[in-house]
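Keep in mind it's a predicted model, so treat the numbers as computed, not measured. Both counts, for ligands and for their atoms, begin at 1 and track the order of listing. Numbers here simply count residues along the sequence, with the first being 1.
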Amino acid sequence: MNVHVHINAKESYQVHFSSRAELCSPLDHSDVVGYWCRKHSHRKEKATMSRETISWSAALCIFSYFLHGVDMRNINAAYDKLRESPASQCGYLSCHPTKPNMLNVHLIAHTHDDVGWLKTVDQYYYGSETNIQKAGVQYIIDSVVDALIKDPEKRFIYVESAFFFKWWKEQTSSVQESVKKLVSEGRLEFIGGAWSMNDEATTHYQSIIDQFSWGLRRLNDTFGECGRPRIGWQIDPFGHSREMASIFAQMGFDGMFFGRLDYQDKDERLMTKNAEMIWHGSANLGKSSDLFTGALYNNYQAPDGFCFDILCSDDPIIDGKHSPDNNVKERVDTFLDYAKTQSKYYRTDNVIITMGGDFTYQAAQVYYKNLDKLIRYANARQVNGSNINLIYSTPSCYLKSLHESGITWPTKSDDFFPYASDPHAYWTGYFTSRPTIKRFERDGNHFLQVCKQLSAIAPKKSAEFEPHLTFMRETLGIMQHHDAITGTEKQKVALDYAKRLSVGIRACAANTRSVLNQLSVQSETSASTSETRSDYIFDFKICPLLNITSCPVSESNERFALTLYNPLAHFTDEYVRVPVTHYNYKVIDNKGVTMEIQLLPIPSAVMKMKNRSSNAQYELVFFATNLPPLGYRTYYIEKLNSPEEFLRPSFSPKKTSSLTVIGNEYIKLGFDTNGFLSEVTADGLTRIVSQEFLYYEGAKGNNAEFLNRSSGAYIFRPNKNKIHFVANQVDIEVYRGEIVQEVHQKFNDWISQVVRVYRSKSYAEFEWLIGPIPIDDDVGKEVITRFNSGIESAGIFYTDSNGREMIKRQRNRRDTWNVKLNEEVSGNYYPVTTKITLEDTTARMAILTDRAQGGSSLQDGALELMVHRRLLHDDAFGVGEALNETEHGKGLIARGKHLFFFGQSGTRKGISLKATERIVQIESLLPTWKFFSNMKSYNAEEWRTSFRNIFNGISVVLPKSVHLLTLEPWHLNQLLVRFEHIMEKGEDVHYSRSVQINVKDVLSTFKIDDMRETTLDGNAWLNETQRLQFVPDSEEEVYNSYATFSKLAKTVHLLSAAKPLLGVKYSDEALPSGQLGAESNRLKRNVHTGPFDSHKDDQASGPKGVDISFISDSDDKKYIIELSPMEIRTFVVYLSGY
Ligand SMILES: [Zn+2]
């Protein structure tokens, strides 16, 4: 690190280096890295991408192999009774004692195992492709377990459940027993524990919560209480979101440590001893979302020169008494100096030193042997007056020591975005990198939720449901990894992720097909009870290429049915678009009513997409209304033989002298004579608003010094902030119908857009299509869409945090330090997972995205979002490839939607704009899932009278401010259920109010025996969960009352994290001992020996009301829950077995 060029270098800069820079940056000449980079450089093929590169969408079809190769775990294994050591001494009880009046150095033996990056998940696990990276996770766990068994003093933490459970199922029962013992004694400790270490910028909270729930559940099922992590360990993600802190707090975690924060922020925090803090995770939830958070001193690496791993070439401790190479004194001196230096920047007499790195401990004894010596020789000096004490420790033991220090801590309320590792390296490119995999992941989450719900609702459950669902859960867990959804992996690894996701979708599609057949076929025919696919009456096919307006079922059948499954817990209306080959169609609904339809031509840019094998010429649009919650409505679509010429779409040309206007009574958009959007009328306001596409030139450099940094997969660095308009003139075609009005815009050969307004919607859709981005001028391009308005936003704009709370941003400013920006564009970019907005006292503009993107407001009134990027150089943070995605030999095309809202910022009649945005946000995240079935065998009348073409999965509809975030089969005869209030305080007079619901009424289609609230992850009882409380610095007067809990505490001070429960306290609900885990905060499984079919109640006959006659008043009360703004409450619901 001594070769880093530091601008304004200060002493403390020496601690700012990134492991990624170390891995492959030419800036770094350390031997360790040199080895790796030299090896790696052989593979650095000058940014050539494979020709076989396949689009994510196409991957679904191409990799559609059957499930034989899929990892299907036996569901019964999950119910194996656990034997825990009666004398469990895990967690805080297993910590080695620290010494008073000494500097206690907590050595953390750890490995950072990326769930895919330069190699695929399996290549990392098995250790293949060693020429890319010497990394084999199976050897890591093997050798660590061996080392731990041999010596009870040693400690190790493990993080990534995706890898651990892959290893676990390969072990013999005796090895498993040994590992259980290690875990029960706290020698092997799980930290983080999610399926992967998720990114925090581009991930959606629903997926983060899901992947933690699953990882923690597997740990719980396997190890019980001692397997439950208490500490978040986000050491590598590239910046940190406030929502993630809130999620950790709500899961009952005591604290979180991370590695990467802006180099200026880190400098300042270290100098002022503010690197460890209490983070207020939510502006709505109060202290239940507070999380103790620590920024690690040295990312997650060992101190320079002390990587004892086989991957490193640092010297071992040479202690041969007469060896000429004996280096004990010098090495111990150096290490103790390092520890002393580090301690200057932190508040207590404890420091945490990470002894590990990427894929370290493949031969654990090498590291451990030297750590043993380091500890022994360093501590031996204590007899001669040394006051430094080295111990094997874990992050939880370090946190325990911090807590016991009894001191107070600074607080923080904003987040750690954007992350800059040097003055020209803002990690804001990955907010957009690989836009199609970012969208594919969102589709995956959508289908996962549908699959969970239908698997839970199913009258009969086939044995394959659970393994299919689990495969999908785990795939989405992998997708959240900080080198997966971020787009910072190598191309072939990205393809592997896409392939996994397509297999997962196919697996779950087998579930949904079975359930929908059961529900649709009411009669006593074989289909209603069949479990084999040959007996299915309907296909219920999914069309994964709808994103390029292609669907084989609707294109090749004269008669087909479209089933719209609504995964929300309220009725929805939706404008449905179906690719068809002709303009003569008839659509009837389940009652036989003929629907009003409109035909639109498929935009020419889509038609021209190379290798889009589709015969569709038109899109058929109709308005589907009253789609039942957690249910479906099916439509019958038939091609007519008699041509109905009036349906043939025709366009009106652009006006040459006045505005071209499309819209409805709520919103009107005007386009000028050059074809650009120029005016918006909405909500009683008429304003000049324009929209245009531009691109930045990606900076290119040799990365030899900061100034020569290239724009790449991680880094957004426009070349001298140069920006180009893509067109002065836009060709437009205007289509006006009763249902929708559209302007088809063509900006140039590689950028087009459809702007549309549906009849009853108060917002407009901008469906953009970008690519192939040309590179024949040898310039990498980063394409943005920009909306300009006259709104006087004074540098202020708002972006969402993982799709939930909005965070205020101010141009050229950070909340907690005086930022010096050397990159004025990329340094003002923030992650936009779902929404970006700005406003002044009268007007407000908001844009919802359909995937994560980078965004900013670089001028008052303007919002920009980066939609696609294609670059020709690597940014030297390890990935070793330029971000130059191709398909079929050409640059990758990306298509997506922005939903544009405009209106009054203040109070107005009816629902506020903010609340409308929230509701549309949920409805566009989880719209209906479209299932297609061919109808060769049934005419419309037969179809209508023979099958159940409407189904409602819940009987009491939730208010629109409440989202049924989760409904999934959990353990046997259990559901995991989450209710979420989707409004923030003050967003709407009506919708931001607290809401009460009766869970039993909502879920009355299930026979509910009992229900109990858990932490957010669903794996610990809420009322038995206690968190370490930390005391904020006294000048934080707002939080002074907090201090009364454990001020001056010298021992671990535990406090119940109870929530308001309408006066019904769980502690008053006596639970029979041994049942529902009353004596422990771990969820115990009820041991059932029955078949997997968990509830035989006949949903097939439709939803029923609750039978109140057998519900006593006190019983009923416990099902009434209250939700305040932004609150999520999680329950395990017990279903009656039979
Ligand atoms: Zn990583």
Is H482 close enough to the Zn ion (ligand 1) that one of its N, O or S atoms comes in under 2.8 Å? yes
For the aromatic rings, using the six-membered ring if either is Trp, is the centroid distance between F417 and Y829 under 6.0 Å? no
Would you please indicate if the ring centroids of W427 and F877 are separated by under 6.0 Å? yes
Determine whether the aromatic ring centres of F308 and Y368 lie less than 6.0 Å apart. no
If you check every N/O/S atom of D236, which is the one nearest the Zn ion (ligand 1)? OD2
Ring centroid separation Y430 to F716 under 6.0 Å: no
Decide, counting backbone as well as side-chain atoms, whether D114 has an N, O or S atom less than 2.8 Å from the Zn ion (ligand 1). yes
